[in-house]
Amino acid sequence: MAHPLDWLQSDAERRRSEGLRRSLRPRAPHADAIDLAGNDYLGLSRDERVVDGAVEALRTWGAGSTGSRLVTGSTTLHATLEEQLAAFCGAEAALVFSSGYTANLGVVTALSGRGALVVSDARSHASLVDACRLSRARVVVTPRADVAAVDAALAARTEERALVVTDGVDSIDGGIAPLRELHAVCRARGAVVVVDEAHALGVCGPGGRGVLVEAGLAGADDVVSTVTLSKSLGGQGGAVLGPRAVIEHLVDTARTFIFDTGLAPASVGGALAALRVLREEPDRPAAVLRVADELAEMSRAALTSSQVGRGREGEVPLAGQLPLTGSAVVPVVLGSPVVAFDAAARCLERGVRVGCFRPPSVPDGTSRLRLTARADLTTTELDRVRTVLHEVLDDVLAEVPA
C-alpha cells in the first residue's frame, strides 16, 4: 500500500516543472541588496524611534500579551493604539487584531454569515478570499473595479444583508479601487462596504491617511476598513476601523479576535511610535509616491527598450499593463513564471531584491516582478536600480522566443 503522503512528491515535481516551486530564503540582518521586495514603505521598520517604542513596551509589558484580548491580552497600549488609529484615519472606533489577515477574516465573517450576500472583487487579497469562504454567506465574485457588476449582483439579491469587499489598493498591480462610485452603488442598494487599506495606509491620501480619506468616505456609517501595521508602520498586527457599533459587534462575535492571543505589546508600542512619526513627518507618503513614479518610469523604459531593440516594438508583455502609479506598488509583467523567477534571481545577483509574483498569486500568463517603493531610497540607489532593471530585462527578454 502506498504511503498516504506519497502524492506530495508528485505535486512538488509538477510545481517545479511549471516554475511554481517556492522556497524560503532567510535574509541576513544587514543585507547589502537594495530592497524593492518588502512592504516597509516609509522605511520605519529600523527607525530608531520605532525600535525604541517597541523595546520600551517590551520592557514594560513583557514579551507577550499573555492571553486573548478578552482575557488578559488587552493593555492600555492596545486601547491607545485603537484610539489613535481611529483618529488618524477618520473612523469612529478601531479594534486591533494580531494581523491584517485575522482582521479581514474577523470582520467579513462577523458581518455576513448564512442568509447574507458577500460581493467580492476578483482581485481581493487572499485574506478576503478566505474570509468569503469561511463566511457561510452566498458569495458573488465580480471583475476587478467593475462597479456595474457589483450593482447588478446587489440588485439581484434576495438576502436582507449584503457586504461588498475590495482592496483599496490592489496589492498586485497597485491600482486604486473606484471607491466613490462603489460606495454610491452600495448606499443605493443597502450594502456595507469593507475596504482593505493594507497598501494604502501611510502612502495614499492626505498625510498617508488612506484612500477612504482621499475619497471623502472616512467615517461614513456604512463603511468599514481594515489596515495592517506590518507595511507602512513597519511592524506587525492589524486593525478594523469603522462605526462603534461594528467594533462592539466584533468584540462579541469575531472568532479571530475572541480566540486568538492578543497582539504582543512590543508590536503595539512600535506601531504607536511609527504612527507618531507619520503624524510628525507628513511628507513621507509623498516621498513614497515620488519613488514609485521613478520606478514605474524606469521599468517602462527598460521593458520598451528591450523589446524595441529586438525589432518587437509594440510587443511589450501584456501591452497596456505597463507599471501604474498612484501607490507604492509597481508591477513589471513578464508573463511566464519561469521568466519572472529568473529575472528576480538575476536582479538579486546584481544587488537588487525584487518581488516575484506567480500563480496562484496572479492569473496564469501574468507572472511579474513587483517593485515596492520606499520613502528612504537614495538617488544613488535608484540609479543602481535603473541600471540593473535595464540589464536584467534586456537579458531575460532576449531569451524569450519571438
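Heavy atoms only: backbone and side chains are in, while hydrogens, waters and symmetry mates are out.
In this view, D342 and R346 satisfy the side-chain hydrogen bond (donor to acceptor under 3.5 Å, both in side chains) rule, not counting sequence neighbours. For V51, the side-chain contact (heavy atoms from CB on, under 4.5 Å) criterion is met by V55, not counting sequence neighbours. Scanning for side-chain contact (heavy atoms from CB on, under 4.5 Å) contacts around A215 gives L179, R180, L217, with sequence neighbours left out. Taking S17 as the reference, nothing meets the side-chain hydrogen bond (donor to acceptor under 3.5 Å, both in side chains) condition, with sequence neighbours excluded. Remark: R15 pairs with D11, A12, L20, R21 by the side-chain contact (heavy atoms from CB on, under 4.5 Å) rule, at least two apart or across chains. Looking at residues two or more places apart in sequence or on another chain, you find a salt bridge (charged side-chain N to carboxylate O under 4.0 Å, His left out) between D170 and R123, R144. Every residue meeting the side-chain contact (heavy atoms from CB on, under 4.5 Å) condition with T256, not counting sequence neighbours, appears here in chain and number order: F97, T102, L105. In this view, Q84 and R279 satisfy the side-chain hydrogen bond (donor to acceptor under 3.5 Å, both in side chains) rule, not counting sequence neighbours. By the salt bridge (charged side-chain N to carboxylate O under 4.0 Å, His left out) test, D222 pairs with R187, sequence neighbours left out. Applying the salt bridge (charged side-chain N to carboxylate O under 4.0 Å, His left out) criterion to E281, with sequence neighbours excluded, gives R49, R284.
Without hydrogens or angle criteria, H125 side chain to Y101 main chain gives no donor-acceptor distance under 3.5 Å. D6 places a side-chain N or O within donor-acceptor distance of the main-chain N or O of H3, the cut-off being under 3.5 Å. The closest donor-acceptor contact from the side chain of T387 to the backbone of D383 lies under 3.5 Å. Looking only at distances, no side-chain donor or acceptor of R133 sits under 3.5 Å from a matching main-chain atom of L128. Within the 3.5 Å criterion, the main-chain N or O of L295 finds a donor-acceptor partner in the side chain of S299. Without hydrogens or angle criteria, R374 side chain to L42 main chain gives no donor-acceptor distance under 3.5 Å. One N or O on the side chain of D40 and one on the backbone of L44 form a donor-acceptor pair closer than 3.5 Å. Using modelled atom types, no side-chain atom of T109 and backbone atom of S135 make a donor-acceptor pair closer than 3.5 Å. With T372 contributing its side chain and G38 its backbone, the two residues share a donor-acceptor pair below 3.5 Å. The closest donor-acceptor contact from the side chain of S45 to the backbone of G234 lies at 3.5 Å or more, if one exists at all.
Between D293 and R290 there is no salt bridge, since none of the side-chain N atoms of the basic residue sits less than 4.0 Å from a carboxylate O of the acidic one. For R350 and D395, the salt-bridge test passes: some basic side-chain N is under 4.0 Å from an acidic carboxylate O.
No side-chain donor-acceptor contact under 3.5 Å links S336 and S367. Donor-acceptor pairing under 3.5 Å is recorded for the side chains of H199 and Y41. Using a 3.5 Å distance cut-off with no hydrogens or angles, the side chains of R25 and S23 do pair a donor with an acceptor. Using a 3.5 Å distance cut-off with no hydrogens or angles, the side chains of T228 and S230 do pair a donor with an acceptor. If you check the side chains of D167 and S124, you find no donor sitting under 3.5 Å from an acceptor.
Residue pairs meeting the side chain to side chain donor-acceptor pair (under 3.5 Å) criterion with at least one member in residues 152-161, sequence neighbours excluded: R138-E159. Listed by first and then second residue, the salt bridge (Lys or Arg N to Asp or Glu O under 4.0 Å) pairs that reach into residues 69-96 are R69-E82, sequence neighbours excluded.
Residues L85 and L229 have side chains in contact (heavy-atom distance under 4.5 Å, counting atoms from C-beta outward). Side-chain contact check for F88 versus L241: every heavy-atom pair is 4.5 Å or farther apart. Looking at V329 and D173, their side chains never come closer than 4.5 Å, going by heavy atoms from C-beta outward. T166 places none of its side-chain heavy atoms less than 4.5 Å from the side chain of D196. The shortest side-chain heavy-atom distance between L371 and L389 falls under the 4.5 Å cut-off. At a threshold of 4.5 Å between non-hydrogen side-chain atoms, the residues V165 and V108 count as touching. You'll find the side chain of D52 stays beyond 4.5 Å of the side chain of V50, heavy atoms only. With a 4.5 Å cut-off on side-chain heavy atoms, T378 and L382 do not count as touching.
For R14, the CZ atom sits in a packed shell: over 12 heavy atoms of surrounding residues, nucleotides or ligands are nearer than 6.0 Å. More than 12 heavy atoms of other shown residues, nucleotides or ligands fall within 6.0 angstrom of atom CZ in R16. E381 CD: more than 12 foreign heavy atoms inside a 6.0 Å radius.
Between A110 and L250 the shortest heavy-atom distance is CB-CD2, 3.5 Å. Heavy-atom minimum distance, S120 versus C132: CB-SG, 3.8 Å. V352 approaches A33 most closely through the heavy-atom pair N-CB, 4.4 Å. Across all their heavy atoms, A292 and V330 have their closest contact at O-CG2, 3.7 Å. The minimum heavy-atom distance between D121 and V141, with the atom names listed, is C-CG1, 4.4 Å. Looking at every heavy atom in both residues, S112 comes nearest to V118 through CB-CG2, 3.7 Å.
Summarising the geometry, atom CD1 belonging to I247 is positioned 9.5 Å from atom CZ belonging to F257; distances are rounded to the nearest 0.5 Å. For the atom pair L334 CG and R358 CZ, the distance stands at 12.5 Å (nearest 0.5 Å). Atom CD of E197 is separated from atom CZ of R209 by 12.5 Å, given to the nearest 0.5 angstrom. Expressed to the nearest 0.5 Å, how far SG of C186 lies from CD of E181 amounts to 11.5 Å.
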Under the salt bridge (Lys or Arg N to Asp or Glu O under 4.0 Å) rule, what do R189 and D151 come out as? Steps first, then yes or no, please. CA-CA 8 Å; R189 301 291 185 185; D151 188 32; 2.8 Å; yes
Set out, in order, the CA-CA distance, both residues' side-chain angles and the distance that settles side-chain contact (heavy atoms from CB on, under 4.5 Å) for L95 and V251, then state yes or no. CA-CA 8 Å; L95 190 65; V251 172; 3.9 Å; yes
Where do E280 and R276 land on the salt bridge (Lys or Arg N to Asp or Glu O under 4.0 Å) test, with the steps shown first? CA-CA 6 Å; E280 294 173 352; R276 188 178 310 118; 5.2 Å; no
Output, in order, the C-alpha distance, side-chain angles, deciding distance and verdict of side-chain contact (heavy atoms from CB on, under 4.5 Å) for K231 and L201. CA-CA 8 Å; K231 294 179 173 59; L201 179 65; over 6 Å; no
Apply side-chain contact (heavy atoms from CB on, under 4.5 Å) to the pair V223 and L212, showing each step before the final yes or no. CA-CA 9 Å; V223 173; L212 282 172; 3.8 Å; yes
